[in-house]
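Just so we're on the same page: letters track the sequence lines, and every chain starts at 1.
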There are 2 protein chains.
Amino acid sequence: MGTTGDVGADMRSQLVAATVSLLAGEGPGVIQARRLAREVGASTMAVYHYFGGMPQLLTDVREEGFRRLDARLSEVAITDDPVTDIGRLGLAYRQVAWENPHLYDLMFGLSTPGGYRPEAHAPPAESDRSSSQRAYTHLVDAAARAIRAGRVRDQDPGSVAAQFWSVLHGYVALELSGHLDQLDGLNQVLIPMGINHLVGLGDAPEDATNSLERINTANAES
Amino acid sequence: MGTTGDVGADMRSQLVAATVSLLAGEGPGVIQARRLAREVGASTMAVYHYFGGMPQLLTDVREEGFRRLDARLSEVAITDDPVTDIGRLGLAYRQVAWENPHLYDLMFGLSTPGGYRPEAHAPPAESDRSSSQRAYTHLVDAAARAIRAGRVRDQDPGSVAAQFWSVLHGYVALELSGHLDQLDGLNQVLIPMGINHLVGLGDAPEDATNSLERINTANAES
DNA sequence: CAACGTACCATAACAAGGTTATAGTACGTG
DNA sequence: CACGTACTATAACCTTGTTATGGTACGTTG
């Protein structure tokens with residue numbers, strides 16, 4: 001019945017995988033210790049033995065979410081047009097969010113499905129930070145390449161990346177929560193916003209437009 | 001003992017107010033039917049009589065959140081510099097989010113504190129949409145003024161406003177969830193991002209910079 | 001080889017919290 | 001005064017996180 005997949009995986013990863021899968025399939029409402037245990041063919045105790053409780057399990061699920069985001073962004077090829085690369089990173093980012101909106105929500109929201117949260121709340125845990133950090137790094141690298149190529153004014157790539165991330169996350173979150181329903185999000189918001197931002201960062205308007213028009217073309221390893 | 005306030009308010013608004021207050025004070029963990037009832041000096045049944053259940057109550061709380069956001073944005077004066085106005089709207093928006101992060105999370109997240117959600121989930125309810133719409137309108141109006149003043153290229157103000165909203169929400173959400181902790185968010189991310197965006201929209205770099213430098217000055221009715 | 005400790009897991013009980021059933025009170029209306 | 005409606009309180013029910021307890025498998029050690 002479960003969509004857990006691999007039989008070779010240990011119980012720990014099976015539980016995380018089941019949670020991710022249930023989040024995508026039936027939503028946060030069914031993320032319950034009993035349900036997860038049943039899903040992987042174990043008893044409730046598995047949750048406590050391997051994680052300590054639901055909050056800790058969800059912490060791991062969140063981390064897994066960032067791992068998957070990182071993996072997806074890693075697949076975006078590095079080409080000789082860093083601005084196109086940035087556009088493709090954005091598209092991949094949006095795609096990941098749409099494939100499992102509730103997982104995305106768990107990664108960035110302050111609350112969790114069960115109503116409990118993965119620790120205090122303010123600072124993401126060490127490991128959590130590093131996971132999201134790895135995903136963030138893709139943006140930093142792309143920003144650095146854009147600066148090196150003269151497409152973006154010389155400045156701290158971290159700041160530029162944070163700006164891209166804000167734009168991306170804001171757009172994706174509003175889109176997911178339905179607040180952008182009456183617009184053609186991609187063409188009326190995300191793409192023009194990306195172009196505007198790039199132009200503000202120093203790129204020529206035609207160059208930015210041309211680069212972002214290429215984002216849907218093949219994406220093979222350069 | 002509650003921080004419910006007004007004794008003249010009916011039970012319905014008292015419950016919503018208590019929820020907002022508890023979200024700010026103790027977090028989503030204490031948003032429980034029994035606790036809310038105790039807070040307003042009633043029995044649990046009040047929640048069911050006035051709302052039907054916790055999900056519907058939270059729907060109302062979400063709406064109240066947008067009402068407050070709208071009220072706050074309404075206080076931002078309309079001056080003869082529409083770009084400064086936009087900056088001030090952004091600052092007010094951020095302030096509202098910081099005053100009650102969990103309420104903000106409830107307004108934009110897909111999940112709710114208790115683990116249940118306010119209906120299906122995809123499209124926000126009618127009333128909900130109109131509440132957020134009212135807040136959104138402030139941005140649309142400001143964008144239209146900026147276009148009329150020649151500070152932004154002529155285009156659909158709704159699209160421009162959605163872009164501003166995305167930028168704002170993305171920044172605020174990342175900031176709240178601690179993902180921007182190692183940066184000086186305001187000065188390294190939000191302000192430069194705003195300037196970049198405005199320049200991309202057509203404003204002159206010096207004008208955008210000057211206008212945004214004015215956002216912290218007095219805010220009296222024009 | 002036998003005793004033993006540890007890792008792992010199932011069953012069952014406990015506690016908290018959403019929800020429902022039931023019934024009572026107050027009050028306006030005929 | 002009879003009656004229906006709005007509102008409220010009490011108590012029970014059910015689901016779900018959690019803990020207690022005990023059992024099995026297996027590697028380690030004497």
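Under the rule for a side-chain hydrogen bond (donor to acceptor under 3.5 Å, both in side chains), the partners of A/Thr84 that lie at least two apart in sequence or sit in another chain are A/Asp81. With sequence neighbours left out, A/Tyr136 forms a ring pair (Phe, Tyr, Trp, His ring centres under 6.0 Å) with A/Trp165. With sequence neighbours excluded, the residues that form a side-chain hydrogen bond (donor to acceptor under 3.5 Å, both in side chains) with A/Tyr171 are A/Glu175. A search for side chain to side chain contact (heavy atoms under 4.5 Å, CB included) contacts involving B/Ser159 returns A/Gln188, B/Asp156, B/Gln163, not counting sequence neighbours. Remark: B/Arg67 engages B/Glu63, B/Glu64 in a salt bridge (charged side-chain N to carboxylate O under 4.0 Å, His left out) (not counting sequence neighbours). By the side chain to side chain contact (heavy atoms under 4.5 Å, CB included) test, A/Gln155 pairs with A/Ile147, A/Val152, A/Arg153, A/Val160, A/Leu201, sequence neighbours left out. Listed by chain and number, the residues in a side chain to side chain contact (heavy atoms under 4.5 Å, CB included) with A/Asp141 are A/Thr137, A/Arg145 (sequence neighbours excluded). Every side chain to side chain contact (heavy atoms under 4.5 Å, CB included) that B/Ile195 has, sequence neighbours left out, goes to B/Ile191, B/Val199, B/Ala208, B/Thr209, B/Leu212. With sequence neighbours left out, the side-chain hydrogen bond (donor to acceptor under 3.5 Å, both in side chains) criterion links A/Asp184 to A/Asn187.
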Polar-atom pairs under 3.5 Å, protein N or O versus N or O of nucleotides 9-16 of chain C: list them with distances, or write none.
{"from": "C/dC9", "atom 1": "OP2", "to": "A/Tyr50", "atom 2": "OH", "distance (Å)": "2.5"}
{"from": "C/dA10", "atom 1": "OP2", "to": "A/Ser43", "atom 2": "N", "distance (Å)": "2.5"}
{"from": "C/dA10", "atom 1": "OP2", "to": "A/Ser43", "atom 2": "OG", "distance (Å)": "3.1"}

Give me the distances for all protein-to-nucleotides 24-28 of chain D N/O pairs that come in under 3.5 Å?
none

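Spacing between atom CZ of A/Arg38 and atom P of D/dT15 amounts to 12 Å, rounded to whole angstrom units. Here the C1' atom of nucleotide C/dC8 and the CZ atom of A/Arg12 are 14 Å apart, to the nearest Å. We find that CZ of A/Phe51 is positioned 14 Å from P of D/dG17, with the value rounded to whole Å. Between A/Tyr48 atom OH and D/dT18 atom P the separation is 4 Å, expressed in whole Å.
Both cation-pi conditions hold for B/Arg12 and B/Phe51: the charged atom is under 6.0 angstrom from the six-membered ring centre and inside a 45 degree cone around its axis.
Between the two ends of the helix from C/dC1-D/dG30 to C/dG30-D/dC1, each summarised by a five-pair axis, the helix axis turns through 20° (rounded to 10 degrees).
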